[in-house]
Number of protein chains: 2
Amino acid sequence: MAQVEESVARHVASVDRAVAVLDVLAQSQSDLGTNEIARRTQINASSVSRLLATLARRGLVAHVAETGRYRLGLRLLELGNAALSRIDLRDVARPHLHELAELTGETVTLSVPGELEAVTMDFVASDSFVQSVARLGRPSVAHATAIGKVFLAFGGKLPDGPLVAYTERTITHRKKVAEEVDSTARRGWAQAVGEREIGLNALAAPIIDGQSALKGILGVQGPAGRFGRQAMRSAIAPLLSSANAISRIWTG
Amino acid sequence: MAQVEESVARHVASVDRAVAVLDVLAQSQSDLGTNEIARRTQINASSVSRLLATLARRGLVAHVAETGRYRLGLRLLELGNAALSRIDLRDVARPHLHELAELTGETVTLSVPGELEAVTMDFVASDSFVQSVARLGRPSVAHATAIGKVFLAFGGKLPDGPLVAYTERTITHRKKVAEEVDSTARRGWAQAVGEREIGLNALAAPIIDGQSALKGILGVQGPAGRFGRQAMRSAIAPLLSSANAISRIWTG
DNA sequence: CACGGTGTTGCCCATAAGGCAACAAGCGAA
DNA sequence: TTCGCTTGTTGCCTTATGGGCAACACCGTG
């Protein structure tokens, strides 16, 4: 809880009431009249009327002339978009990265989709001495990594030319890559087993907004000796859970 | 201008100040400190501090502990999404439909993309006695209408089976339809010249959100005798202008 | 260490805001 | 058409609130 909120700071009651009015309008599926808002907020109707007039003038609330009722105003959308544009995905995701690293015992990465590939922008390293090292700024190899397969599943493109075989397990046939990408899209997560590097296993899940646009990719990776079939299977649910929690920035 | 705002209603100055603080944070590209907000709003720093404390407690503002500065809070995103979910596209678009109908002298329609086609949900009829009649709920024929071509350009699918030739000008070869759809995507608007009906010409432009997802389609249509090559060309810019103005609901 | 700026909070006082009452308007039922 | 009820607004009064001053703690820089 923020320190500011816990202090004995004096609050502005009128602002509290105004926000309570906004909250009630947000909770309601339909427009509300002054008296109904007064009932739900336990604020006198004349006070509510004046609060609404002020909020309406500033665009946070809209008065519907036909019905005399009120609804949330478009200025809130503008303010919400402004709030969104300042969010640092890393800040929001970081607690989830820590939690997932703790749960799985492996290195957890956060990538963002770029133009040609997804790029690692944050990670929480495994506590183990033997760990899969992540590096910031490192692009993924789309066809050979779990992160890359999620990237492809959301419209990312493979580069032209032959696909490099990093290990014997690397999928280099474009048709088989496409099938792998289809699998990723269908089940909502990707895996790579010794495809980018011998002995390196990984899982990845998309972080999406309300329109299913890719905003980030959450990955878990570890050495095959520890992060094998069983451990990978166990990591899927928490991975999806964390990715969904992060996605809730956009979906509410 | 809303009647409520024009009355001699008494406003709540504290709420006005609080919103002024939100506005300043929205305008700024970076986090702001208490004193900076005080300077920009001409409100005493101690008042700003107390307003911020209240807004922070309600989540409309977030205090960044590392820097001591403030930014817009995630609750605004929730409120913005709630506001958005109650918006009726028709209400927002209607003034633009009227304006466009006035500018072009033709019938203007608003459609929303459905599962299999786009459906007319509002229109403003031309003032002319000779006009292209629109009907609410009428689905578009994707391959033969301007509205439909925009729908296809944003991922809509053609139905299976042969494409019906409504006139001699209807494009029924799937490859040519695809080319037409590509043109639509590239230039940002579609046209249909006597393809759905002899003597009926139309233009259409997409209404999109911040992620380029299709939220609606704005169309102009008229009889070829009046809405011919020259008039259509003249209607493109105002059509795009109106579609963009409506799109700003989502993009700010 | 000194200085300047930031951010918060105690305190005082003027006024803003809450709420009561009155009023106008609208709606539904008789 | 009339009546009763509810809604929404506004005049007005009272008082509690909130604005702002001053003081303080903290921080960064020279």
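Labels below follow one simple rule: chain letters A, B, ... track the order of the sequence lines, proteins then strands, and each chain is numbered from 1.
- With respect to the salt-bridge test (charged N to carboxylate O, under 4.0 angstrom), the residues B/R71 and B/D31 qualify.
- A side-chain donor from one of B/H11 and A/T54 sits under 3.5 Å from a side-chain acceptor of the other.
- Side-chain to base pairing of B/R50 with C/dG7: no donor and acceptor N or O lie closer than 3.5 Å to each other.
- Not a single donor-acceptor pair, N or O on each side, falls under 3.5 Å between the base of C/dG7 and the side chain of B/R69.
- Atom C1' of nucleotide C/dC11 and atom CG of B/N44 are separated by 14 Å, given to the nearest angstrom.
- Along DNA chain D, the nucleotide closest to B/I43 and the one closest to A/S47 are compared, and the more 5′ of them pairs with A/S47.
- Using a 4.0 Å heavy-atom cutoff across all strands shown, A/R39 reaches sugar-phosphate atoms only and no base atom.
- B/R17 comes within contact range of the sugar-phosphate backbone alone, with a heavy-atom separation under 4.0 Å but no base atom that close.
- Residue contacts for B/S14: at a heavy-atom cut-off of 4.0 Å it reaches the sugar-phosphate backbone alone, with no base atom in range.
- Whole-Å rounding puts the B/H11 NE2 to C/dA17 C1' distance at 14 Å.
- Residue-to-nucleotide proximity on DNA chain C shows that, of A/S46 and B/L32, the 5′-proximal contact is made by B/L32.
- Following rounding to the nearest Å, A/L51 (CG) and C/dA17 (P) show an atom-to-atom distance of 9 Å.
- DNA chain D is contacted by both A/G33 and B/A13; A/G33 maps to the nucleotide lying nearer its 5′ end (nearest heavy atom per residue).
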